[in-house]
Each structure stands twice: as C-alpha cells, then as structure tokens.
Amino acid sequence: GDFAADSHYLEYRDPAGCVAQVGRLFDDAAAREAMMQRNHDYYRQWLHPERLAMRIVALTCAAARRPQSRAVTASKR
C-alpha cells in the first residue's frame, strides 16, 4: 500500500518539529480526522489480520506455481 507522508503521518526532523506537527493536528480538526480516516482505511486494506493472511496465502500459492530455478532443481538430485 501507499503509506505516505502528509497523508498518513507528518514528518519532522527534531523535537521542535514534532511539537509543531502535533500542534498542527490539534489546531486543525478536519485535517486530523481526515488523516485518522486514511490510517483506518489503510489498516483495513493492508494490515487487518485476515487481509495479511489472504496475501500470504496468495503469495505462497503464486510462488509454488513458479518453476524452480535450475540451481535449486539440480541441488535436489
């Protein structure tokens, strides 16, 4: 997923920058709520345990269908 600065989190370089970004979230309820919603949506799409399990199964099945490389095949003989 696309987890991005200013969309899902605010960047800062030092403690003062952190305080400024927290202040920004406290001062702008609409921006804070929008970020919270984007993070909730990201969690549901990418991090929810059922979604993670489904992706792991899909990746495992796809890997099992790929032909093995010659090096792996030769070493098994």
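Under the salt bridge (charged side-chain N to carboxylate O under 4.0 Å, His left out) criterion, no residue pair touches residues 50-59, with sequence neighbours excluded. Within the structure, the salt bridge (charged side-chain N to carboxylate O under 4.0 Å, His left out) test picks out no pair touching residues 29-40 (sequence neighbours left out).
In this structure a side-chain-to-backbone donor-acceptor pair under 3.5 Å is present from His8 to Ala4.
Heavy-atom contacts from other residues, nucleotides or ligands closer than 6.0 Å to CG of Asp2 number 12 or fewer.
Residues satisfying the ring-ring contact (aromatic ring centres under 6.0 Å, His included) criterion with Tyr12, sequence neighbours excluded, are absent altogether.
Closest approach of Met35 to Ser7, counting heavy atoms only: CG-O, 3.6 Å.
In this pair, Phe3 and Tyr9 present their aromatic rings parallel. The plane angle is below 30°, not in the 30 to 60° band.
Arg24 contributes atom CZ, which lies 4.5 Å from atom CG of Leu10 (distance to the nearest 0.5 angstrom).
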